[in-house]
2 protein chains.
Amino acid sequence: MAAMQLFYEHGFNATTLNDVARAARANTGSLYYFFKTKDDLLLAVLDNYVQLLWPAVMSAPFEQTEDPIEKIFAVFERYRQGLIHTGCTRGCPIGNLALEVGDAKPAAREKIALNFANWCKAIQQCLDAAAPRFPPDIDREKLSRFVLTILEGGIMQARGHRTIRPFEEAIEFLRDYFNRLLKK
Amino acid sequence: MAAMQLFYEHGFNATTLNDVARAARANTGSLYYFFKTKDDLLLAVLDNYVQLLWPAVMSAPFEQTEDPIEKIFAVFERYRQGLIHTGCTRGCPIGNLALEVGDAKPAAREKIALNFANWCKAIQQCLDAAAPRFPPDIDREKLSRFVLTILEGGIMQARGHRTIRPFEEAIEFLRDYFNRLLKK
DNA sequence: GTCTATATATTGATAGAC
DNA sequence: GTCTATCAATATATAGAC
């Protein structure tokens, strides 16, 4: 799906159907055989991201280590490598779309929320696996959302400053928070 | 400045100069007397946000309490009220622009980075004022960026889910982290 | 400085041949 | 299913009167 890459690189509004068709080595007319409107194409892209969560995001980092907490940091390391690889010009495709078209397109926003929720569920699996090490009053579902908060906020600043440092610092603080949270 | 409000509500690319002119009760032709291009208008808007940091963002929350740490949470409360007031459809105008046009327009990105840096500086003033209560190995400049990370990440999820909860949870976790960090 | 009018390009989308 | 051709609308931007 060529649109996925283009929306990721330039955003939804800045990508024309001409761009999409050219990248797919087709013509604009052909696009409309598959997608009724440009918004429909966006929804298809967001559905695609839902499908890609495990194969493209979680599976590799999760296999790198047995420790559930370290799995989380392996996921962050994957995003860190992505930022470095693009010179901190691109971050999280879902986060980008959340802020660009979130409120204007209800159907898209719901799929964005689903992407967020599924991402958090994967992280919560790790937190649950380490449940005995956490204080009993810690809500691990909320904590999984806080982990995403740190990821997205760190990515945003890395892109804003075009340097990986704010993202790396965010990882360090998350590490410090976990250290203070987890039983020794 | 009408463009500021429109970029905030609909984003940069989704706002036309016609929209801006109409909101300013003028005509598109008039806009070009003040701004050479649409990108120039964006830069002016971002400059405006730099000027507004203290009068429109920091001053009121900072005056609400003497405790420097509570000043920070007063700032978060201000953003929380903003989210609630708009039904979680709008968040941080700088964050929006950072992810929508950040990499495509270098001049804009630099002004976005300046907005981020100044925001963090204000927060760091609070952290420095509470310096003796922090562990000596805590880098308060980095911590100020982590505070922004949590703000922006929390706003993003609040908008994605169209509910204030993720933002409120982020505040709770920041509070918990500070509690664990600060000397009793 | 603000207006009207318009140039030029591009947009999302459609029609119909093959 | 993919193409060519094209529509109608809209975009940014300009020219020149007042």
Side-chain angles (χ1 to χ4, degrees), chain A residues 1-49 51 90 93-94 96-112, chain B residues 1-49 51 90 93-94 96-112:
Chain A
M1 179 156 297
M4 206 168 71
Q5 179 70 11
L6 288 166
F7 290 170
Y8 183 38
E9 286 179 19
H10 310 112
F12 174 76
N13 288 305
T15 300
T16 71
L17 293 177
N18 221 324
D19 296 334
V20 176
R22 185 154 29 84
R25 278 184 280 277
N27 304 281
T28 49
S30 308
L31 289 181
Y32 284 87
Y33 178 78
F34 298 99
F35 310 102
K36 219 168 57 185
T37 65
K38 191 187 179 188
D39 282 10
D40 260 33
L41 177 57
L42 173 62
L43 297 182
V45 165
L46 286 168
D47 282 334
N48 221 332
Y49 276 119
Q51 299 302 322
R90 283 183 271 291
I94 310 300
N96 296 350
L97 292 170
L99 295 201
E100 186 188 359
V101 302
D103 354 292
K105 305 178 195 299
R109 204 222 83 238
E110 276 184 38
K111 290 182 190 298
I112 288 164
Chain B
M1 178 156 296
M4 206 169 70
Q5 178 70 12
L6 288 166
F7 290 170
Y8 182 38
E9 286 179 18
H10 309 113
F12 175 75
N13 288 305
T15 299
T16 72
L17 294 177
N18 222 322
D19 297 334
V20 176
R22 187 155 28 84
R25 278 184 281 276
N27 304 280
T28 49
S30 308
L31 289 181
Y32 285 87
Y33 177 78
F34 300 97
F35 310 101
K36 220 168 55 186
T37 65
K38 191 187 178 186
D39 282 11
D40 260 34
L41 178 57
L42 173 62
L43 297 181
V45 165
L46 286 167
D47 282 334
N48 220 331
Y49 277 119
Q51 300 302 322
R90 284 184 270 290
I94 311 300
N96 297 349
L97 293 170
L99 296 201
E100 186 187 359
V101 303
D103 356 289
K105 306 178 193 300
R109 204 221 83 234
E110 276 183 37
K111 289 182 190 298
I112 288 164

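Numbers restart at 1 for each chain; the letters A, B, ... are given by sequence-line order, proteins then strands.
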Trainee: Please determine if A:Asp47 and A:Lys111 form a salt bridge, counting it only when a charged side-chain N lies under 4.0 Å from a carboxylate O.
Mentor: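 Between A:Lys111 and A:Asp47 there is a salt bridge, with a charged N closer than 4.0 Å to a carboxylate O.
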Trainee: When rounded to the nearest 0.5 angstrom, what is the spacing between CG in A:Asn96 and CD in A:Glu9?
Mentor: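 One finds 11.5 Å between CG of A:Asn96 and CD of A:Glu9.
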Trainee: Roughly how far, to the nearest 0.5 Å, is CG of A:Asp40 from CZ of A:Phe35?
Mentor: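 Reported value, rounded in 0.5 Å steps: 8.5 Å.
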Trainee: Using whole Å, what does the distance between atom P of nucleotide C:dT4 and atom CG of B:Leu31 come to?
Mentor: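 It is 13 Å, rounded to the nearest whole Å.
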Trainee: Strictly below 4.0 Å: does B:Tyr33 bring a side-chain N or O up to OP1 or OP2 of C:dT2?
Mentor: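 Indeed not, no polar side-chain atom of B:Tyr33 lies that close.
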Trainee: In the 5'-to-3' direction, what one-character label does each nucleotide of nucleotides 4-18 of chain D receive under the scheme B = base within less than 4.0 Å of a protein heavy atom, S = sugar-phosphate only, - = no such atom?
Mentor: B------SSBB----
Trainee: I need the minimum non-hydrogen distance between B:Leu17 and B:Leu31, along with the two atoms involved.
Mentor: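 Looking at all heavy atoms of both residues, the shortest contact is O-CD1, 3.5 Å.
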Trainee: Between B:Asp19 and B:Leu6, what is the shortest heavy-atom contact and its length?
Mentor: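 Heavy-atom minimum between the residues: O-CD1, 3.5 Å.
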Trainee: Roughly how many Å is it from CZ in A:Phe34 to P in C:dA13, rounded to a whole number?
Mentor: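 After rounding, the gap between these two atoms is 17 Å.
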Trainee: Could you tell me the separation between the CG atom of A:Asp40 and the C1' atom of C:dA13, rounded to a whole number of Å?
Mentor: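 From A:Asp40 CG to C:dA13 C1': 13 Å.
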Trainee: Whether the side chain of B:Glu100 engages the backbone of B:Gly11 through a donor-acceptor N/O pair (distance < 3.5 Å, no angle test) should be reported.
Mentor: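 Absent.
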